[in-house]
Amino acid sequence: MLVAVRRHGETSAIIEVFTEGHGRHAGVVRGGTSRKIAPILQPGAQLDLTWRARLEDHIGAFTVEPRRSRAGLLAERVPLAGLNAICALISFALPEREPHPRLYEQTQTVLDLLGESAHWPYAYLQWELALLRALGFGLSLDVCAVTGAQSGLAYVSPKTGRAVSAAGAGEWADRLLPLPAFLAEGRPPEPGELSQGFALSGHFLDSRIARGLAGKPLPAARQRLLDLLGRQSGAAR
Amino acid sequence: MSEAPRDIENLIEMMAKLPGLGPRSARRAVLHLIRKRALLLTPLADAMHQVAISARECLNCGNVGVTDICEICASEKRGNGQICVVEDVADLWAMERGKAFAGRYHVLGGTLSALDNVGPEDLRIPRLLDRVATEGVNEVILALNATVDGQTTAHYIAEQLEGTEVAVTSLAQGVPIGGELDYLDDGTISAALKARKSF
């Protein structure tokens, strides 16, 4: 799946793809700015790729064949913002050439749901949590880290990402992050609840991933998606 | 191979930086110019000097011209209430070649790009909103590329214009003139099918 494309010289392009077996991988596409190939190289497109390089460390060159385009999303404002957010986060967060087959599969699922199902924003939130999990910062939301209770979970520790029950939080409650009820109960969110989930995933994306990357801010594409979703749910209410 | 004199080498190096030219083709072009000095080299140098002095960006729309306000913006005939938003001056020239549009333009100077950190403030979007508010505009035509970045930008502009009286339209997407369905990608076919009209 193509994640990003940048012009390289006059006729070539450097693309970043997210693959099942090799994770995020970059390579040159010769003639990538030509009228024949440029339309294929759009973020979200599924490609058949062959990579060749003299040495493993080299950036190498891809030959590309189109498999499936996601051009249908271009006309839809919010799903297109979803596609941008997914591509931007993959490019931002995933280390190069580290395979994440499970995340790859979940990425395909959420991309297929964009614009097709009313529940795609929830699937997108689950994808953000899966991204955190793939990078080793998965949240543990099914048992209280203090008491071991499996019910009454109301908070998440901003440091460990583990759930805490209201009883276990005690006087530390105001230092903990609120755990949205739908995530604790494992059910789809009610209108308006989703933003709490994004606040939670956003905290960990920022504190665990962005700060580890020399303090780079999270991609603006994610905030744009959240703004659009917020406006959409505000208009629906 | 003996090197050409320094001045000529400089010219070759400069020419090699032009799009479509590499060092070898620049060398051939320079040799050709020297051979046709009176016919090509001197007039070309004069023309380049003239353009270097006079070329500037239109303060209103971002088009390239020789005055602060370009001919299109200055023309009363083009003030029909329509503004066509394009990404680049090359797109404006392409639209003008078609002679199908009689309104004015607005050149954004790029598209929003999350990966390259291009935000709305890096483009001429605020100026577009000013123009819509002050020029009596009744339609904004978004003629941006059918790419993810182009359409993301188009949606952003449409969003900024929500709540105004201005109609926001975009170019149609689908089968090109002379195109054969068999050669089209599935995305284009799906866009064409969605934008079908009664016949």
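Naming: A, B, ... by sequence-line order, numbering from 1 per chain. These figures come from a predicted structure and were not determined experimentally.
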Seminar exercise, completed: Max heavy-atom pairs within cutoff under 4.5 Å with chain A, candidates B/Pro19, B/Ala191, B/Ser190, B/Gly150, goes to B/Pro19

Exercise. At a heavy-atom separation under 4.5 Å, does A/Glu16 approach chain B through its side chain, its backbone, both, or neither?
Worked result: neither

Problem set entry | Under 4.5 Å from any heavy atom of chain A - which part of B/Thr152 | both

Problem set entry | Check: B/Pro5 and B/Asp7 side chains under 4.5 Å, non-hydrogen atoms | no

Exercise. A/Gly44, A/Pro43, A/Ala88, A/Ala45: which one forms the most heavy-atom pairs within less than 4.5 Å of chain B?
Worked result: A/Pro43

Problem set entry | Over 12 non-hydrogen atoms of neighbours within 6.0 angstrom of CZ in B/Arg37 | no

For this session: Using non-hydrogen atoms and a 4.5 Å limit, figure out which bit of A/Leu83 sits close to chain B: side chain, backbone, both or neither.
Result: side chain

Problem set entry | Over 12 non-hydrogen atoms of neighbours within 6.0 angstrom of CG in A/Leu55 | yes

Problem set entry | Enclosure of A/His119 NE2 (heavy-atom neighbours >12, cutoff 6.0 Å) | no

Exercise. Using 4.0 Å as the upper bound for N to carboxylate O, is an ion pair formed by A/Arg68 and A/Asp112?
Worked result: yes

Exercise. Which of the residues A/Ala220, A/Cys87, A/Ser69 is involved in the greatest number of heavy-atom pairs with chain B at under 4.5 angstrom?
Worked result: A/Ser69

Exercise. For B/Ala154, is it the side chain, the backbone, both, or neither that has a heavy atom closer than 4.5 Å to a heavy atom of chain A?
Worked result: neither

For this session: On the 0 to 90° scale, with breaks at 30° and 60°, tag the A/Phe18-A/Tyr104 ring pair as parallel, tilted or perpendicular.
Result: perpendicular

Problem set entry | Per-residue contact mode, B/Ile189 against chain A (heavy atom under 4.5 angstrom) | neither

For this session: Please say whether more than 12 non-hydrogen atoms of neighbouring residues, nucleotides or ligands are located less than 6.0 Å from CD in B/Glu13.
Result: yes

Exercise. Under 4.0 Å between a Lys/Arg side-chain N and an Asp/Glu carboxylate O for A/Arg133 and A/Glu128?
Worked result: no

Seminar exercise, completed: Honestly, the part of A/Arg70 sitting under 4.5 Å from a heavy atom of chain B is neither

For this session: Measure A/Arg224 against the heavy atoms of chain B and call it side chain, backbone, both or neither at under 4.5 Å.
Result: side chain

For this session: Pick one of side chain, backbone, both or neither for A/Leu74, based on which atoms fall under 4.5 Å of a heavy atom in chain B.
Result: both

For this session: Under 4.5 Å heavy-atom distance to chain B, tell me which part of A/Leu228 shows up: side chain, backbone, both or neither.
Result: side chain

